[in-house]
Number of protein chains: 2
Amino acid sequence: MSQTVDRALSILPLLAEGPADLGQVADRLGVHKSTALRLLRTLHEHGLVYRQSDQRYRLGARLIALAQEAMENLDIREIAHPHLVRLNEHCGHTVHLAVYEEDEVLYIDKVESRYPVRMYSRIGKPVAITVAAVAKLLLADLSEQERRALAEKLDYPMYTARSTPNPDAFLRELAKVREQGWATDLGGHEESINCVAAPIRGADGRVVAAMSVSAPNVVVTADELLTLLPLVRRTADDISGEYSGRNPAKNPV
Amino acid sequence: MSQTVDRALSILPLLAEGPADLGQVADRLGVHKSTALRLLRTLHEHGLVYRQSDQRYRLGARLIALAQEAMENLDIREIAHPHLVRLNEHCGHTVHLAVYEEDEVLYIDKVESRYPVRMYSRIGKPVAITVAAVAKLLLADLSEQERRALAEKLDYPMYTARSTPNPDAFLRELAKVREQGWATDLGGHEESINCVAAPIRGADGRVVAAMSVSAPNVVVTADELLTLLPLVRRTADDISGEYSGRNPAKNPV
DNA sequence: TGGTGCGTTGCAATACCTGCAACACTCATT
DNA sequence: AATGAGTGTTGCAGGTATTGCAACGCACCA
């Protein structure tokens with residue numbers, strides 16, 4: 001691990017919180033201003049940070065472009081997208097696609113609800129890993145050691161009274177999800193929002209992604225949402241089949 | 001500029017082209033394998049690169065999350081979004097929002113067309129800077145020296161017969177756009193797609209962003225699209241007003 | 001069994017990074 | 001107008017952190 005690079009990269013999450021000037025960056029890195037300046041200059045040359053008119057630094061445009069390319073390289077996304085759209089056209093609710101990577105679960109695709117009430121979420125945003133239905137599916141597929149290790153490491157914020165409270169409860173939930181092959185989040189993240197989710201598997205049976213349908217109570221009750229479960233699972237299986245090369249696409253574009 | 005950081009950051013665009021193994025990265029950087037390994041490890045620790053199961057490296061999830069936060073910090077996007085949605089609801093076509101930064105113009109928001117025929121574009125993707133209507137508006141606002149310098153620096157790919165062919169033509173087009181306060185792209189990027197665009201200005205009158213409406217010939221002719229110009233300009237002006245704090249939001253969420 | 005192609009590790013040499021101190025500049029304040 | 005505080009910036013000497021090498025471990029294949 002390279003100290004210089006390590007410091008430089010530490011600047012990025014720092015700037016993600018908002019613009020900062022040279023002094024602030026230097027302080028938070030714990031280095032001299034001149035050192036911070038040179039690191040920032042290097043980041044600037046690569047377009048990862050931008051210097052706005054008030055001289056402060058913020059994250060740059062190339063970072064966004066890079067992330068864009070990163071997502072285009074995720075072929076699961078390309079394959080799944082039309083299926084997600086079709087599911088949304090059928091049920092009208094918000095549809096998400098998520099993957100697991102290095103202790104994080106994040107949304108990589110989303111089709112917005114066609115109801116006026118929408119839920120907040122953004123592609124690229126890490127999800128609430130201890131409560132989200134897609135997170136449960138992705139983590140349930142890890143080995144038991146990995147699950148235990150991760151469960152201990154996590155925080156368990158009580159978003160609502162029904163949030164997963166601690167590692168034990170989380171591990172039990174993962175075991176259940178692993179068993180049944182699907183997952184729900186019934187008001188564990190936001191009081192009035194429910195989700196049902198199903199796993200997408202690669203050729204070797206490992207879970208490579210998970211998809212979910214989310215809707216607020218004011219639109220459908222949890223019970224009504226659960227009636228969609230068979231459809232969600234079928235859609236996930238279709239994507240699995242196409243991803244692992246078993247089935248060709250039904251509606252090639 | 002720090003050599004170590006410079007090398008490390010050079011890995012990112014390289015991996016954006018697709019996954020690569022250690023040897024490939026070392027070769028393209030022109031350094032020893034062990035050096036490349038240590039740089040990759042540092043990038044890995046920060047989540048910017050991910051090591052997939054076949055040991056090859058690709059861009060990591062945190063990069064996507066960072067870019068997400070970068071976009072959320074762009075307040076022009078937050079302000080403009082509801083206006084873009086409303087414009088889309090009215091006319092049904094694809095609506096884009098773009099900004100200029102360091103010789104690049106890129107889309108930072110998009111509302112999809114409600115017609116079945118959609119155009120390809122992605123948030124975060126740099127736009128075809130010599131032909132896109134939004135690019136013309138953003139560049140037209142630069143000082144004359146900046147415009148000349150940039151015009152010389154650019155490439156002028158002939159996407160179609162109507163693409164801007166050279167610096168002189170581009171500078172003339174920018175002068176015209178600067179004069180009239182709006183811009184078009186009539187088949188300059190893709191033969192059958194037309195756009196009309198209008199500038200969004202900050203309190204000091206400088207152009208901070210540009211928005212456009214795009215539609216393929218098969219849906220509306222160029223002339224029909226131009227009838228939307230007043231509406232597009234009005235929307236852009238509304239956003240300008242709100243951004244510069246002159247008008248409060250009309251429909252606060 | 002031996003060979004090839006990977007990724008990985010310890011080490012010595014030195015290139016590169018660091019922090020310092022002085023400078024340039026803007027902006028308030030007097 | 002002059003002073004001062006707060007920025008960001010530059011050159012430099014010292015020494016740390018980075019580099020490339022060479023050797024090793026390992027998987028795969030012949």
Side-chain angles (χ1 to χ4, degrees), chain A residues 1-61 73 101-102 143 146 202-204 206, chain B residues 1-60 73 101-102 143 145-146 202-204 206:
Chain A
M1 333 147 199
S2 153
Q3 182 183 80
T4 317
V5 178
D6 186 52
R7 287 173 169 173
L9 297 183
S10 302
I11 293 177
L12 298 178
L14 193 155
L15 290 184
E17 297 169 18
D21 63 32
L22 180 60
Q24 295 170 324
V25 172
D27 282 351
R28 294 202 43 186
L29 281 186
V31 300
H32 197 271
K33 275 190 307 178
S34 58
T35 305
L37 177 68
R38 282 181 285 250
L39 296 176
L40 281 164
R41 274 225 261 264
T42 311
L43 290 167
H44 180 96
E45 279 193 359
H46 286 258
L48 298 186
V49 308
Y50 176 70
R51 191 142 201 204
Q52 38 190 30
S53 42
D54 63 354
Q55 296 240 84
R56 290 190 305 166
Y57 294 90
R58 63 168 171 74
L59 294 180
N73 284 343
E101 189 178 308
E102 313 263 3
S143 74
E146 287 174 306
D204 55 0
R206 295 291 309 270
Chain B
M1 330 148 202
S2 152
Q3 181 184 77
T4 318
V5 179
D6 186 52
R7 285 173 170 172
L9 298 183
S10 302
I11 294 176
L12 298 178
L14 194 156
L15 290 184
E17 298 169 19
D21 62 32
L22 180 61
Q24 295 170 324
V25 172
D27 283 351
R28 294 203 42 188
L29 281 187
V31 300
H32 196 270
K33 276 189 306 178
S34 59
T35 304
L37 177 68
R38 283 182 286 246
L39 297 177
L40 281 164
R41 274 224 260 262
T42 310
L43 289 168
H44 180 94
E45 278 194 0
H46 285 259
L48 298 186
V49 309
Y50 176 70
R51 191 143 202 205
Q52 38 189 31
S53 42
D54 62 354
Q55 296 238 86
R56 290 189 305 165
Y57 295 90
R58 64 167 170 75
L59 294 181
N73 283 341
E101 189 179 309
E102 314 263 2
S143 73
Q145 309 135 44
E146 288 174 306
D204 55 0
R206 296 291 310 269

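Since we're looking at a predicted model, the values are computed, not measured. Residue numbering restarts at 1 for every chain, and letters A, B, ... go by the order of the sequence lines.
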A:R41 has its side chain closest, among C:dG7, C:dC17, D:dT9, to D:dT9

Ignoring hydrogens and geometry, is there a side-chain-to-backbone donor-acceptor pair from B:N73 to A:A16 under 3.5 Å? yes

Should the heavy atoms of other residues, nucleotides or ligands under 6.0 Å from CD of B:Q145 be counted, would the total exceed 12? no

What are the two closest non-hydrogen atoms of A:T4 and B:S2, and how far apart are they? CG2-OG, 3.5 Å

Give a yes or no answer on whether the side chain of A:E45 reaches the backbone of A:T42 with a donor-acceptor pair at less than 3.5 Å. no

Compare the minimum distances between each of C:dT9, D:dG8, D:dT9 and the side chain of A:L37, then state the nucleotide with the smallest one. D:dT9

Provide, to the nearest angstrom, the distance between the CE atom belonging to A:M1 and the C1' atom belonging to D:dT19. 17 Å

Can you measure A:H44 atom NE2 to D:dT9 atom P for me and round it to whole angstrom units? 11 Å

At their closest point, which heavy atom of B:R58 faces which heavy atom of B:L15, and how far apart are they? C-CD1, 4.1 Å

Heavy-atom contacts, protein to nucleotides 21-28 of chain D, under 4.0 Å, summarised as B (base), S (sugar-phosphate only) or - (none) per nt, yield BB------

Would you indicate which nucleotide in C:dG19, C:dT8, D:dA17 comes nearest to any side-chain atom of A:V31? C:dG19

Whole angstroms only, please: what is the CG-C1' distance between A:L40 and D:dG8? 11 Å

Side chain of A:T4 - closest among D:dT19, C:dC17, D:dG8: C:dC17

Comparing A:V5 and A:R51 on DNA chain D - which has the more 5′ nearest nucleotide: A:R51

Side-chain N or O of A:R7 versus OP1/OP2 of C:dT18: is the shortest distance under 4.0 Å? yes

Once you round it to whole Å, what is the distance between C1' of C:dT18 and CD of B:Q3? 15 Å

Out of curiosity, A:L14 CG to A:R28 CZ, how far, rounded to the nearest 0.5 Å? 4.0 Å

Taking any heavy-atom pair under 4.0 Å as a contact, classify A:R56: base, sugar-phosphate, or nothing. nothing

